[in-house]
Amino acid sequence: MAGLIEPRTLKGFRDYLPAPMMARERLIETAKSVYRSYGFSPIDTPALEYAEILVGKGSDETDKQLFRFTDNGGRDVALRFDLTVPLARFSAQHHHELGLPLKRYHIGSVWRGETPQAGRYREFMQCDFDTIGTESNASDIETLLVIHDLMSKIGFERFTIRVNNRLVLNGLLEQQGLTEKSVGVLRAIDKLAKIGRGGVIEEMTSKVGTTQQQAERVLDLVGLTGTPSEILNQLETMFVGNEVGSTGTARLKELFEACAKAGIPSGRIELDLTIARGLDYYTGTIYETFLADKREIGSVCSGGRYDNLAGLFTKDRLPGVGASLGLDRLLAAMELLGMVETASTPAEILITQFDAPRLGDYLRLSRLLREAGFRVEVYPEATKLGKQLKYADKKGHKLAIIAGENEFNAGVWQIKNLRVQGQPLTMSEAHLVAELRKLLG
RNA sequence: GUGGCUAUAGCUCAGUUGGUUAGAGCGCCAGAUUGUGGUUCUGGAUGUCGCCGGUUCAAAUCCGGUUAGCCACCCCA
């Protein structure tokens, strides 16, 4: 046959096979339930927006990475590259009808036309949650609690949420007379872990245009060590008379104290003055979450406070705070850490089809078991039993139910536990559900 | 967007200085076992060597282009 079209996917885009897709859906379910447990409501927005809504609202980089084109009606449109800018538009448009504060979560795909690398794709999913319309530090603290619960509900024990506050950084920059160059300086500081002290100084002096002395001084301050409270005490002293720095310090102090009282294990939250976040719109608290066992993969949940989210869309001032779970990156880490189950079926029970004329009985049982809350699949063909069991084994069903003439005559069902070796159980239908519950525990 | 590395069976890869019909392991299919999986044994199928073009008597092998993956820069989830 000539003229076959080669099946292929676009650069940076990919298919999801059942096993990873099930892990992905589980992750999304977990995220939703945590968000809902704090009272965040779901919303959605269109994937495609007028380009003017998206252009220039992120960084220069995001403009370059936009998937942008003219639609059939001649409109200049683009795919969203994050969920925050759509949220800004959404808030400006709807906050009057919804009221403030607005707590929303938003799970959806975003697109960036950047060069793909491991764990970085042109289409990926974000799971954002934000609190709009309040400047209260309580929301900053709650955001951190949500991140913490999210990570532990997903199943991570060894992770740290690094916290900082832009006001502290701004205070430092103000004292060094670097306010004008803050974006470049912060971007350089953000790279400290990656390129080292010398690299950061080099970048600051050559690219950003600070003096050697300014660069060193900034790094000294940012590199303060000790427990959070020790560092905060030093900052407090340093910022006497500096309002911006003092406010940032006070907010961080309240955050650490409240988290301790709320029962977050110490050590899971770190004060790290070097995290700056590249995004220009953050103005207060900043969060980054690292997996202790997969630090190199980068932050899996990041966010922060922005005090004027929708300034480009409305004169109403809409401060907010929130964070975004990097679903695909997290999933890649979980795969590497062996946290993803290998089963490729959601069904826990396979009913084999032994006697084709008994199809009705198999289907009746399957409905009865589904009614009882089990996920049940009936094998579609009455082929050799060995083949059906092999299928169950491969797909990851936990139990198989078998019945042929012998069983039907005796009025029983046979249960085979595929996770262990051994003799199958046989029992009447009356006892079946209870036994299955026990086996699937 | 810039630079580097890579591309051989469904998957992971081998293929010696270009030389006849391109290999292995795993997986897949069938049988041993016509009522019982994951172990074992036996047999079997599968490739225009990513794609296009060039050099050559001869290309999986060399050259150019292209597409995709990976890595670095940049940025970020």
Side-chain angles (χ1 to χ4, degrees), chain A residues 2 4 6-14 17 27 31 58-66 80-84 107-128 183 187-188 190-191 194-195 199 203 207 275-280 287-291 294 296-303 323-333 342 350 352-355 358 379 382-409 414-426:
Chain A
L4 287 180
E6 186 194 350
R8 54 187 185 146
T9 48
L10 280 168
K11 179 193 184 81
F13 290 72
R14 65 230 166 101
L17 272 55
L27 218 48
S59 58
D60 306 342
E61 286 302 321
T62 48
D63 287 357
K64 282 188 227 155
Q65 295 173 356
L66 268 185
R80 64 186 180 205
F81 61 88
D82 72 5
L83 298 178
T84 304
I107 298 174
S109 293
V110 302
W111 295 267
R112 294 182 195 175
E114 68 173 336
T115 305
Q117 280 179 40
R120 299 174 64 164
Y121 307 98
R122 289 186 161 185
E123 177 183 57
F124 59 96
M125 195 164 262
Q126 290 193 323
C127 304
D128 280 29
V183 170
R187 210 162 260 173
D190 213 27
K191 292 182 199 161
K194 201 169 184 180
I195 61 179
E203 177 160 338
K207 274 170 71 178
I275 65 165
R277 309 280 309 136
L279 294 174
D280 306 343
Y287 317 87
E288 292 202 330
T289 310
F290 290 88
L291 301 174
K294 271 277 163 262
E296 67 276 12
I297 202 160
S299 174
V300 294
C301 188
S302 318
S324 175
L325 182 71
L327 197 105
D328 294 274
R329 184 175 279 189
L330 193 63
L331 213 52
T342 51
L350 178 76
T352 58
Q353 203 178 320
F354 206 163
D355 281 343
R358 292 289 192 166
Y379 195 83
T383 53
K384 285 176 29 179
L385 205 49
K387 188 176 174 181
Q388 299 187 44
L389 292 170
K390 213 168 215 169
Y391 169 82
D393 203 50
K394 187 181 168 189
K395 287 289 160 80
H397 298 83
K398 298 178 175 79
L399 301 174
I401 292 181
I402 303 165
E405 262 332 289
N406 298 345
E407 284 76 15
F408 283 113
N409 290 337
Q414 191 186 87
I415 308 173
K416 192 171 176 71
N417 189 343
L418 296 167
R419 289 173 297 186
V420 298
Q421 225 167 4
Q423 290 303 304
L425 299 164
T426 297

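Every heavy atom of this structure was used, including side-chain atoms; hydrogens, water molecules and symmetry mates were not. Everything quoted here is computed from the prediction, not taken from an experiment.
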For nucleotides 1-6 of chain B, print each protein N/O atom paired with a nucleotide N/O atom at under 3.5 Å, atom names and distance only.
{"unit_1": "B:rG1", "atom_1": "N7", "unit_2": "A:Thr115", "atom_2": "OG1", "d": "3.1"}
{"unit_1": "B:rG1", "atom_1": "O6", "unit_2": "A:Thr115", "atom_2": "OG1", "d": "2.9"}

Item to check | Separation of atom NZ in A:Lys387 from atom P in B:rA32, rounded to whole Å | outcome: 15 Å
Next on the checklist: Measuring only the C1' atom in each nucleotide, how far is B:rC74 from B:rG19? A whole number of Å is fine.
Outcome noted: 47 Å
Checklist outcome for this item: Of B:rA77, B:rA30, B:rG35, the nucleotide closest to the side chain of A:Arg329 is B:rA77
Checklist entry - C1' atom, B:rC76 versus B:rA22: distance in rounded Å? => result 43 Å
Next on the checklist: Quick check: any donor-acceptor pair below 3.5 Å linking the side-chain of A:Arg112 to the base of B:rC76?
Outcome noted: no
Checklist entry - Which residue, A:Leu330 or A:Ala403, contacts RNA chain B at a nucleotide closer to its 5' end, judged by nearest heavy atom? => result A:Ala403
Checklist entry - Would you say the side chain of A:Arg358 lies within less than 4.5 Å of the side chain of A:Glu405, judging by non-hydrogen atoms? => result yes
Checklist entry - Taking CZ from A:Phe124 and P from B:rC76, how many angstroms apart are they, rounded to a whole number? => result 11 Å
Quick one: which protein N/O atoms are closer than 3.5 Å to N/O atoms of nucleotides 38-42 of chain B? Pair and distance per line, please.
{"unit_1": "B:rG38", "atom_1": "O4'", "unit_2": "A:Asp393", "atom_2": "OD2", "d": "2.8"}
{"unit_1": "B:rG38", "atom_1": "N2", "unit_2": "A:Arg419", "atom_2": "O", "d": "3.4"}

Item to check | No-H, no-angle donor-acceptor pair, A:Gln414 side chain to B:rU36 base, under 3.5 Å | outcome: yes
Item to check | d(CG, A:Asp355; C1', B:rU34) in whole Å | outcome: 14 Å
Checklist entry - Is there side-chain contact between A:Phe290 and A:Ser299, with at least one heavy-atom pair below 4.5 Å? => result yes
Checklist entry - How far does the C1' atom of B:rU12 sit from the matching atom of B:rG47, given to the nearest Å? => result 16 Å
Please write out the pairs of protein N or O atoms and N or O atoms of nucleotides 64-69 of chain B separated by less than 3.5 Å, giving the distance to one decimal.
{"unit_1": "B:rG69", "atom_1": "OP1", "unit_2": "A:Gly12", "atom_2": "N", "d": "2.8"}

Checklist entry - When you look at A:Leu330 and A:Leu291, which way does the side-chain contact (heavy atoms from CB on, under 4.5 Å) test go after all the steps? => result CA-CA 9 Å; A:Leu330 193 63; A:Leu291 301 174; 4.3 Å; yes
Next on the checklist: What's the gap between B:rU46 and B:rA9 when it is taken at their C1' atoms, as a whole Å value?
Outcome noted: 6 Å
